[in-house]
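Here is the structure we will look at, set down as structure tokens.
Predicted model, so just to flag it, every value in this text is computed and none were measured.
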Amino acid sequence: MKKSLQTIIFFLSLFFVGNIYSQSADVSDNNYAFKISLSSDWKKSKTEETTNKDAISYTFDKKDGKDAIMLLAFKVESIKSLDDLIYTLEKDMTLNIPKISGGYTNFTVGDVEGRSAVYKDNEFGEKIFYYRTQNSGKQNYTYMLRFITTASNYSSAEKEFDKIAKNFKPNN
């Protein structure tokens with residue numbers, strides 16, 4: 001009886017531990033009006049918000065340690081220029097974004113305008129997606145969805161980055 005009870009407890013423990021590790025790192029942030037869905041291969045590692053509650057940063061790490069995601073969301077009073085957003089973030093020394101490799105690609109998600117680009121140096125390969133909402137008379141948001149991997153791993157990771165970016169939903 002005692003042995004069978006221990007066996008049941010052991011299997012139940014494995015079940016609950018397995019469920020904890022199989023959960024996805026989905027984030028739905030109503031305050032910054034977005035949702036992102038990630039597979040169970042990812043874990044949320046850090047969240048930081050400014051003291052005046054106008055910007056937030058999420059970071060995610062792939063469980064195998066090869067890739068990372070940074071998501072920055074900003075509340076802006078008026079419709080922000082996408083060119084100004086990109087220029088400001090690319091020049092921000094604290095972000096340490098490598099040099100752009102090629103040009104920009106424009107896209108839309110509903111009525112949200114976006115642009116993406118690939119950035120590379122000898123060490124890292126990155127793909128960054130920039131978004132802006134265009135809500136007249138309402139709260140607006142801008143986002144930077146940044147995927148980071150090693151330069152040697154970039155070609156195998158890019159398809160997953162694009163797939164995750166398609167799951168990013170600004171809720172304007």
Side-chain angles (χ1 to χ4, degrees), residues 20 23-63 65-101 104-121 123-150 154 157 160-172:
I20 289 170
Q23 292 177 357
S24 63
D26 292 355
V27 172
S28 183
D29 190 320
N30 293 330
N31 198 30
Y32 291 90
F34 74 86
K35 180 179 181 182
I36 186 167
S37 298
L38 301 171
S39 71
S40 61
D41 293 342
W42 293 89
K43 63 181 177 177
K44 184 169 59 166
S45 59
K46 193 174 187 182
T47 305
E48 292 182 287
E49 187 172 25
T50 59
T51 54
N52 53 354
K53 309 282 187 207
D54 63 349
I56 195 164
S57 169
Y58 288 91
T59 55
F60 305 89
D61 295 313
K62 196 159 186 188
K63 291 180 181 175
K66 291 182 180 180
D67 307 325
I69 299 172
M70 171 189 273
L71 173 57
L72 298 176
F74 303 92
K75 290 181 183 178
V76 292
E77 292 303 316
S78 59
I79 298 172
K80 182 83 172 165
S81 161
L82 199 52
D83 290 330
D84 290 347
L85 171 71
I86 293 169
Y87 178 82
T88 301
L89 293 174
E90 284 180 344
K91 299 303 178 208
D92 187 328
M93 298 301 284
T94 61
L95 293 175
N96 198 26
I97 296 173
K99 188 175 179 177
I100 193 167
S101 174
Y104 297 99
T105 302
N106 295 314
F107 61 89
T108 56
V109 178
D111 58 352
V112 175
E113 182 183 10
R115 195 169 293 153
S116 67
V118 174
Y119 301 82
K120 291 184 180 177
D121 60 19
E123 196 174 346
F124 294 104
E126 302 188 14
K127 188 155 193 182
I128 302 178
F129 295 81
Y130 304 94
Y131 305 82
R132 73 162 180 166
T133 62
Q134 302 173 77
N135 301 316
S136 297
K138 294 178 13 182
Q139 180 70 60
N140 278 280
Y141 303 90
T142 59
Y143 308 95
M144 179 180 83
L145 181 57
R146 180 181 185 189
F147 298 93
I148 306 165
T149 191
T150 61
Y154 183 81
E160 182 179 14
F161 295 165
D162 290 339
K163 181 180 175 186
I164 293 168
K166 285 183 183 186
N167 287 327
F168 177 73
K169 304 291 184 219
N171 306 330
N172 47 350

Report task. Could you give me the CA-CA distance, side-chain angles and deciding distance for R132 and V76, then say whether side-chain contact (heavy atoms from CB on, under 4.5 Å) is met? Result -> CA-CA 10 Å; R132 73 162 180 166; V76 292; over 6 Å; no
Report task. Give the intermediate values and the outcome of side-chain contact (heavy atoms from CB on, under 4.5 Å) for residues Y154 and V118. Result -> CA-CA 10 Å; Y154 183 81; V118 174; 3.3 Å; yes
Report task. Carefully, step by step, assess E90 and Y119 under the rule side-chain contact (heavy atoms from CB on, under 4.5 Å). Result -> CA-CA 10 Å; E90 284 180 344; Y119 301 82; 2.5 Å; yes
Report task. Using the side-chain contact (heavy atoms from CB on, under 4.5 Å) rule, take L89 and I128 through it: C-alpha gap first, then chi angles, then the decisive distance, then the call. Result -> CA-CA 11 Å; L89 293 174; I128 302 178; over 6 Å; no
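The shortest non-hydrogen separation linking V109 to P170 is CG1-CD, 4.1 Å. Of all the heavy atoms in S37 and D26, the pair that sits closest is CA-OD1, 3.1 Å. Between Y32 and A55 the shortest heavy-atom distance is OH-N, 3.2 Å. Of all non-hydrogen atoms in I100 and A117, the two that sit nearest each other are CD1-CB, 3.6 Å. Minimum heavy-atom separation, T149 to A157: CG2-CB, 4.3 Å. In plain terms, the two heavy atoms of S57 and M70 that are nearest each other are OG-CG, 4.4 Å.
Between the side chain of K80 and the backbone N or O of E77 there is no donor-acceptor pair closer than 3.5 Å.
With a 4.5 Å cut-off on side-chain heavy atoms, F147 and E160 do not count as touching. Under the 4.5 Å side-chain criterion, counting only non-hydrogen atoms from C-beta, D67 is in contact with W42.
One finds the CG atom of D121 at 11.5 Å from the NZ atom of K99 (value rounded to the nearest 0.5 Å). The line from CD of E113 to CZ of F107 is 9.0 Å long, rounded to the nearest 0.5 Å. The structure places CD of Q139 at 10.0 Å from OG of S78, a figure rounded to the nearest 0.5 Å. In this structure, the separation between NZ on K63 and OG on S39 is 8.5 Å, given to the nearest 0.5 Å. Note that NZ of K127 and OG1 of T105 are 6.5 Å apart. Values are rounded to the nearest 0.5 Å. From I79, atom CD1 reaches atom CG of N135 across 7.0 Å, with rounding to the nearest 0.5 Å.
Under the ring-ring contact (aromatic ring centres under 6.0 Å, His included) test applied with Y143, the options F168, F129, Y130, F74 reduce to a single match, F168. Each of L72, D29, I36 was checked for a side-chain contact (heavy atoms from CB on, under 4.5 Å) with Y58, and the lone residue meeting it is D29. When each of N31, D54, N140 is paired with K75, the side chain to side chain donor-acceptor pair (under 3.5 Å) condition holds for N31 and for no other.
Within 6.0 Å of the OH atom in Y87, the count of heavy atoms belonging to other residues, nucleotides or ligands does not exceed 12.
With hydrogens and angles left out, the side-chain atoms of D83 and S81 include no donor and acceptor closer than 3.5 Å.
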